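Report on the structure given below.
Below, read A as the first sequence line, B as the second, and so on, with proteins coming before strands; counting in each chain starts at 1. Bear in mind that the values here come from a model prediction, so they are computed numbers and not experimental data. Excluded from the calculations below are hydrogen atoms, water molecules and symmetry mates; all remaining heavy atoms, backbone and side chain alike, are included.
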Amino acid sequence: MGDYAVPIGFVLARRLRTAPDRIAQTIAENLHGPFRAVAVKGYVNVTMDDQWWMERLSQGFVSYPKRSGKVLVEYVSANPTGPIHIGHGRGAVVGSVLENLLDRVYDLADSEFYVNDAGEQIRKFCKSVEIRIKQLKGEDAELPEDAYHGDYVVDVARSILERFDWDTLSEEERWNVLWHDAVDMMRQWHKETLEKLGVTMKAWTSERRIRQESWPEKVIDSLRKKDYVYEQDGALWFKSTLFGDDKDRVLVKSNGEYTYYLVDIAYHMEKINRGYNLLINVWGADHIGHVPRMNAALSALGFPDYLNVVLVQTVRFWRQGVAVAMSKRKGEFLTLDELIDEIGKDAARIMFITRSVDATIDFDIEVAKQKAMENPVYYIQYAYVRAKNILARTDERQFGNSVSFDSHERMLLRLLNAFEDRMALAVRKLDPFIIESYAWELSDAFHKFYQFDRVIGSEYENARWQLVERFTEVMEELFTLLGIEKLERM
RNA sequence: GCGCCCGUAGCUCAAUGGAUAGAGCGUCGGCCUCCGGAGCCGAAGGUUGGAGGUUCGAGUCCUCUCGGGCGCGCCA
């Protein structure tokens with residue numbers, strides 16, 4: 001069927017009032033270039049000349065579609081009240097691969113973790129730590145039902161007792177320690193977990209800072225000037241329905257507190273203020289309802305189309321047919337730390353992006369842990385190892401200079417040549433899965449080529465050698481994007 | 001009730017509106033004196049949940065419908 005097929009006959013049939021196969025026939029006969037064109041029904045099948053592919057090989061394939069702008073990818077943003085669990089893991093990998101990709105495509109791409117360190121949940125967490133401290137000191141104290149029950153809370157309590165002379169502290173000083181040091185320990189833990197997964201955030205933005213710098217007030221002022229707010233029942237409302245929301249939203253509650261919504265708008269305004277003109281948020285699917293509200297607010301503030309939310313569907317884990325609950329307060333879940341320890345960073349990363357972001361992932365925990373060897377990461381790493389192994393045999397080269405690419409080589413060539421297209425697709429869909437599956441397809445093509453075509457000592461040695469070299473180049477780039485290791489040996 | 005995501009092989013999932021819908025796992029059978037067998041080749045396995053519609057052409061787009069998931073707070 002050739003290297004490329006173009007259904008040009010079908011496309012032009014109506015306009016030319018001519019049968020598709022005749023159009024294709026005419027076009028095929030009149031096309032001239034470094035290829036052979038054959039008409040089949042309404043298609044024109046094009047087979048590129050061997051020399052054209054040789055020329056293409058000499059140029060290399062790694063290049064990106066270029067866009068201008070500064071991008072900020074915000075992801076994970078787990079509350080610092082518990083460990084990062086596996087559900088967050090998916091968002092973490094998706095975000096970090098997108099960051100890597102967009103950094104090649106746009107002028108700049110940064111990453112950021114938004115730390116919700118100011119809300120009611122934090123207060124509850126601090127309270128839980130305080131109770132654990134009392135218990136450690138033998139005092140009589142009971143954890144309420146809605147407190148954080150995980151063992152890590154005890155660890156935090158213990159660490160605080162080691163670092164502070166608790167008994168000498170006043171009530172206020174104690175709360176200060178909890179509010180800063182306990183929360184900071186959680187943030188530090190998150191940072192370490194993410195780094196184990198190969199994720200390094202460029203910035204950690206604190207909700208407290210957003211509040212301290214009066215961004216919520218700035219948002220209110222700005223909306224008020226445009227007459228987009230009103231008071232009702234003692235609360236301040238935003239006319240979000242003017243911007244496509246199905247209901248107006250409260251910004252300031254009747255008790256005077258800011259809603260999470262307002263603070264989040266403030267945070268986004270602050271991001272834009274830092275000079276970013278494309279905000280990518282990687283959110284769990286349970287935040288779906290938040291998307292139109294956020295877009296409404298940014299439109300009202302004069303920044304429509306700045307926000308692009310990547311909704312990542314849920315990861316559900318099963319153990320012997322039973323769904324594993326991901327409840328933070330109960331403390332019974334598989335943490336990301338545990339998963340990485342079990343199957344390794346690379347296998348864990350790939351696991352989260354072997355499916356498109358809008359597909360829910362179902363995993364049996366035991367299978368995920370035990371059958372790590374079936375992970376696609378080994379398939380692509382092995383293809384690379386095989387290629388590098390050939391290239392290492394420099395002293396055995398004899399330079400057979402004939403050129404005649406067979407079907408396996410052409411498959412590889414076509415795929416390599418598709419690099420920029422695939423990256424453009426990944427950017428358009430904002431889905432790392434596109435990159436992962438591309439790496440898998442390339443590896444598949446390479447394994448087949450490897451099986452059928454010998455490189456060293458072949459009369460086509462020079463051409464094949466170059467093909468293998470280009471393959472490793474592209475794979476190295478993909479490994480970088482995916483954030484997994486390139487191995488010389490396995 | 002409303003909004004979004006999904007429904008494709010036994011299971012988990014692919015497939016830029018194009019030709020005969022593909023992989024992995026599982027099942028069965030083959031392939032190394034040869035650049036690494038963590039690989040390759042073959043077999044079996046499908047009414048793409050269902051019904052209409054648009055199109056030269058629909059797994060893909062539209063309408064309806066059935067089933068599953070998530071969300072619809074002065075929670076975060």
Side-chain angles (χ1 to χ4, degrees), chain A residues 1 5-14 19-21 40-43 45 79 81 116 118-122 124 207 232-237 245-247 249-264 284-293 311-314 316 354-364 367 371 373-383 385-393 396-397 408 418 421-422 424-425 428-429 433-434 436-437 440-441 443-444 446-458 461 464-465 468 487 489-490:
Chain A
M1 281 202 298
V6 187
I8 187 72
F10 296 112
V11 178
L12 294 179
R14 171 167 302 209
D21 50 352
V40 181
K41 292 194 283 184
Y43 296 92
N45 293 336
N79 282 345
T81 54
N116 293 114
E120 187 56 34
Q121 295 305 317
I122 289 293
K124 203 173 281 179
E207 181 186 338
Q232 186 181 304
D233 304 327
L236 188 71
W237 296 70
D245 201 357
D246 53 359
K247 186 176 173 297
R249 304 289 166 179
V250 171
L251 297 175
V252 184
K253 304 185 219 173
S254 53
N255 66 5
E257 284 178 17
Y258 296 156
T259 58
Y260 172 84
Y261 176 48
L262 170 60
V263 183
D264 214 13
D286 55 340
H287 286 65
I288 178 72
H290 204 53
V291 177
R293 271 171 266 170
L311 280 180
V312 179
Q313 290 295 320
T314 37
R316 288 185 308 180
T354 49
R355 284 156 183 78
S356 62
V357 288
D358 35 317
T360 53
I361 297 182
D362 286 296
F363 278 113
D364 185 295
V367 173
K371 301 201 173 177
M373 291 305 268
E374 288 169 10
N375 195 296
V377 73
Y378 299 100
Y379 189 77
I380 65 182
Q381 284 177 327
Y382 185 44
V385 166
R386 281 179 145 180
K388 289 301 274 191
N389 205 264
I390 292 170
L391 298 181
R393 297 173 177 262
E396 296 174 38
R397 289 196 67 182
H408 298 103
D421 273 357
R422 293 297 183 103
L425 183 63
R428 193 165 77 241
K429 296 183 106 169
F433 166 73
I434 303 292
E436 190 275 344
S437 61
W440 194 92
E441 280 179 62
S443 303
D444 183 49
F446 183 82
H447 282 306
K448 282 166 182 155
F449 158 74
Y450 183 92
Q451 197 74 21
F452 287 93
D453 297 325
R454 197 179 165 79
V455 176
I456 305 290
S458 158
E461 185 178 276
R464 287 179 176 171
W465 184 277
V468 174
L487 306 174
R489 261 186 218 89
M490 293 175 73

### Message
Show me the dot-bracket string of RNA chain B, counting Watson-Crick or G-U pairs under 3.5 Å, with | for pairs to another strand and [ ] for crossing ones.
### Response
(((((((..((((....[...)))).(((((.......))))).....(((((..]....))))))))))))....
### Results of side chain to side chain contact (heavy atoms under 4.5 Å, CB included) for A/K429 - residues two or more places apart only
A/L425, A/D431, A/I434
## Note on the structure
Considering only heavy side-chain atoms of A/F452, the closest of B/G24, B/G37, B/C40 is B/C40
### Task
Determine the contact category for A/P7: base if any of its heavy atoms lies under 4.0 Å from a base atom, sugar-phosphate if only primed atoms, P, OP1 or OP2 are that close, otherwise nothing.
base
#### Entry: Sugar-phosphate, base or nothing in reach of A/D453, heavy atoms under 4.0 Å
base
### Task
Looking at every strand, decide which applies to A/V291 at a 4.0 Å heavy-atom threshold: base, sugar-phosphate, or nothing.
nothing
#### Entry: Distance between P atoms of B/U8 and B/G37 (Å, rounded)
37 Å
### Task
Would you mind building the protein contact string for nucleotides 9-17 of chain B? One character per nucleotide, 5' to 3', B for base within reach (heavy atoms under 4.0 Å), S for sugar-phosphate only, - for untouched.
---SSSS--
List, with names and distances, any nitrogen or oxygen atoms from the protein found under 3.5 Å away from nitrogen or oxygen atoms belonging to nucleotides 30-34 of chain B.
{"residue": "B/C34", "atom": "O2'", "partner": "A/R454", "partner atom": "NH1", "Å": "2.4"}
{"residue": "B/C34", "atom": "O2'", "partner": "A/R454", "partner atom": "NH2", "Å": "3.3"}

#### Entry: side chain to side chain contact (heavy atoms under 4.5 Å, CB included) against A/T354, all qualifying residues, sequence neighbours excluded
A/I350, A/P376, A/E436
Look for any protein N or O under 3.5 Å of an N or O in nucleotides 72-76 of chain B and output each such pair with its distance, or none.
{"residue": "B/C74", "atom": "OP2", "partner": "A/K247", "partner atom": "NZ", "Å": "3.1"}
{"residue": "B/C74", "atom": "O2", "partner": "A/S254", "partner atom": "N", "Å": "2.9"}
{"residue": "B/C74", "atom": "O2", "partner": "A/S254", "partner atom": "OG", "Å": "3.0"}
{"residue": "B/C74", "atom": "N3", "partner": "A/S254", "partner atom": "OG", "Å": "3.4"}
{"residue": "B/C74", "atom": "N4", "partner": "A/D233", "partner atom": "O", "Å": "3.1"}
{"residue": "B/C75", "atom": "OP2", "partner": "A/K253", "partner atom": "NZ", "Å": "3.1"}
{"residue": "B/A76", "atom": "OP1", "partner": "A/K253", "partner atom": "NZ", "Å": "3.1"}
{"residue": "B/A76", "atom": "OP2", "partner": "A/Y260", "partner atom": "N", "Å": "3.3"}

### Query
Do the side-chain N or O atoms of A/R386 get closer than 4.0 angstrom to the phosphate oxygens (OP1, OP2) of B/G37?
yes
### Query
Over how many whole Å does the gap from A/I288 atom CD1 to B/G3 atom P extend?
12 Å
